[in-house]
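Report on the structure given below.
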Amino acid sequence: MAKATKKIQVGIADDHSLLRNALANLINTFEGYSILFEADNGKDLRNKIMQHMVPDIVLLDVNMPEMDGFETTQWLHKNYPHIRVLALSMLSDEKTIIKMFRLGAKGYLLKNAEPAELREALDSLMDKNVYLSEYVSGKLVSGLQQTDLEASSREVVLNEKEREFLRWVCSELSYKDIAAKMYISARTADDYRQSLFNKLKVHSRVGLVMYAIKHGIVEV
């Protein structure tokens with residue numbers, strides 16, 4: 001008799017019980033996946049994990065009472081870095097997405113996504129250790145797909161100053177603060193930004209962040 005393949009264990013943290021229960025029921029129908037636990041918030045999730053209920057993937061609501069998604073992601077990344085965090089949110093703004101990835105999330109999915117996209121996100125997290133939602137990326141980063149096509153046909157060469165600038169862009173610092181960190185003028189920082197926009201064929205800060213993540217300039 002063949003040995004059964006171990007299922008991928010998933011934890012869910014969301015303060016909306018109806019949505020959380022619906023997600024749990026849906027994921028339990030996915031072949032190869034099972035729900036390990038449901039949590040009301042980040043604090044509840046932390047307590048369950050510390051009781052040795054350690055999942056492979058955590059679906060994490062960004063806005064929750066008692067440890068929101070930001071604080072919970074940071075804690076998971078520090079204490080259980082092997083757990084893959086998939087952020088769930090109705091928010092598609094640039095600041096929220098950047099912050100979640102910088103704190104250690106491996107993927108970002110809008111709550112109005114179709115079930116098939118959720119399955120795709122889970123599979124991508126396990127196979128590639130990252131999931132960049134097509135909807136979020138497409139909405140916020142015009143030209144990102146063109147960047148991928150061009151990058152496949154030619155190598156984009158960045159000098160060390162440009163790479164350093166990209167690493168700072170992935171932080172929460174303003175461009176003015178980045179200039180101070182790099183000991184350059186604000187005007188020079190603007191020149192770096194525009195030069196990278198042109199070179200990488202992106203049109204927003206999120207585009208720069210996505211490029212840096214995809215090409216290993218920063219770790220998530």
Side-chain angles (χ1 to χ4, degrees), residues 3-92 96-137 209-210 213-214 216 218-220:
K3 184 179 179 180
T5 303
K6 182 182 177 182
K7 289 190 174 184
I8 296 164
Q9 301 292 306
V10 180
I12 302 177
D14 194 308
D15 58 315
H16 296 94
S17 58
L18 284 175
L19 175 61
R20 189 180 68 241
N21 293 338
L23 281 171
N25 290 334
L26 175 62
I27 291 171
N28 275 328
T29 69
F30 293 162
E31 184 178 356
Y33 293 90
S34 66
I35 295 298
L36 181 62
F37 64 76
E38 297 179 41
D40 293 326
N41 51 57
K43 185 177 179 181
D44 187 20
L45 177 143
R46 182 182 63 186
N47 291 340
K48 284 180 166 62
I49 290 179
M50 291 178 70
Q51 292 170 7
H52 308 294
M53 299 175 67
V54 182
D56 301 296
I57 296 174
V58 164
L59 271 64
L60 191 62
D61 187 16
V62 175
N63 292 322
M64 296 182 295
E66 295 191 73
M67 283 186 72
D68 61 16
F70 301 121
E71 187 179 354
T72 307
T73 299
Q74 188 174 33
W75 180 82
L76 285 168
H77 188 59
K78 179 180 178 181
N79 296 281
Y80 296 87
H82 62 283
I83 296 178
R84 298 162 173 86
V85 175
L86 176 61
L88 291 171
S89 181
M90 292 302 297
L91 301 174
S92 59
T96 300
I97 295 169
I98 291 176
K99 187 172 182 179
M100 285 300 289
F101 274 110
R102 287 300 297 150
L103 290 174
K106 301 296 185 183
Y108 197 100
L109 190 67
L110 294 183
K111 287 187 175 181
N112 61 1
E114 295 293 328
E117 186 177 357
L118 173 59
R119 176 61 193 263
E120 179 186 353
L122 296 176
D123 289 345
S124 182
L125 285 182
M126 295 307 299
D127 296 338
K128 304 175 183 177
N129 203 40
V130 67
Y131 178 71
L132 301 178
S133 163
E134 182 179 351
Y135 179 85
V136 171
S137 298
V209 171
M210 294 297 188
I213 291 172
K214 279 192 167 187
V218 295
E219 294 183 358
V220 296

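Checked against Ile12 for a side-chain contact (heavy atoms from CB on, under 4.5 Å), the options Leu59, Asn21, Leu60, Ile57 give a single hit: Leu59. A side-chain hydrogen bond (donor to acceptor under 3.5 Å, both in side chains) with Tyr131 is found for exactly one of Arg84, Lys106, Glu117, namely Glu117.
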Should Leu118 and Leu109 be marked as a side-chain contact (heavy atoms from CB on, under 4.5 Å) after you check the CA-CA gap, both sets of side-chain angles, and the distance that decides it?
-> CA-CA 8 Å; Leu118 173 59; Leu109 190 67; 3.8 Å; yes
Chi angles and distances behind the side-chain contact (heavy atoms from CB on, under 4.5 Å) call for Tyr108, Thr96 = CA-CA 10 Å; Tyr108 197 100; Thr96 300; 3.3 Å; yes
For Leu88 and Leu23, run side-chain contact (heavy atoms from CB on, under 4.5 Å): C-alpha distance rounded to whole Å, both residues' side-chain angles, the deciding distance at 0.1 Å, then the answer.
-> CA-CA 11 Å; Leu88 291 171; Leu23 281 171; 3.7 Å; yes
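Rounded to the nearest 0.5 angstrom, Asn25 CG and Thr29 OG1 are separated by 8.5 Å. Put simply, CD1 on Ile213 and CZ on Arg102 are 7.5 Å apart, with the number rounded to the nearest 0.5 Å.
The two residues His77 and Leu103 come nearest to each other via the heavy atoms CB-O, 3.4 Å.
Remark: Met50 CE is loosely packed, at most 12 non-hydrogen atoms of other residues, nucleotides or ligands lying under 6.0 Å away.
Within the structure, the side-chain hydrogen bond (donor to acceptor under 3.5 Å, both in side chains) test picks out the following pairs touching residues 30-41 (sequence neighbours left out): Gln9-Ser34, Arg20-Glu38, Arg20-Asp40, Tyr33-Asp123. Listed by first and then second residue, the ring-ring contact (aromatic ring centres under 6.0 Å, His included) pairs involving residues 10-29 amount to none (not counting sequence neighbours). Applying the salt bridge (Lys or Arg N to Asp or Glu O under 4.0 Å) test to residues at least two apart or on different chains, the pairs with a partner in residues 50-72 are Lys43-Glu66, Asp61-Lys111.
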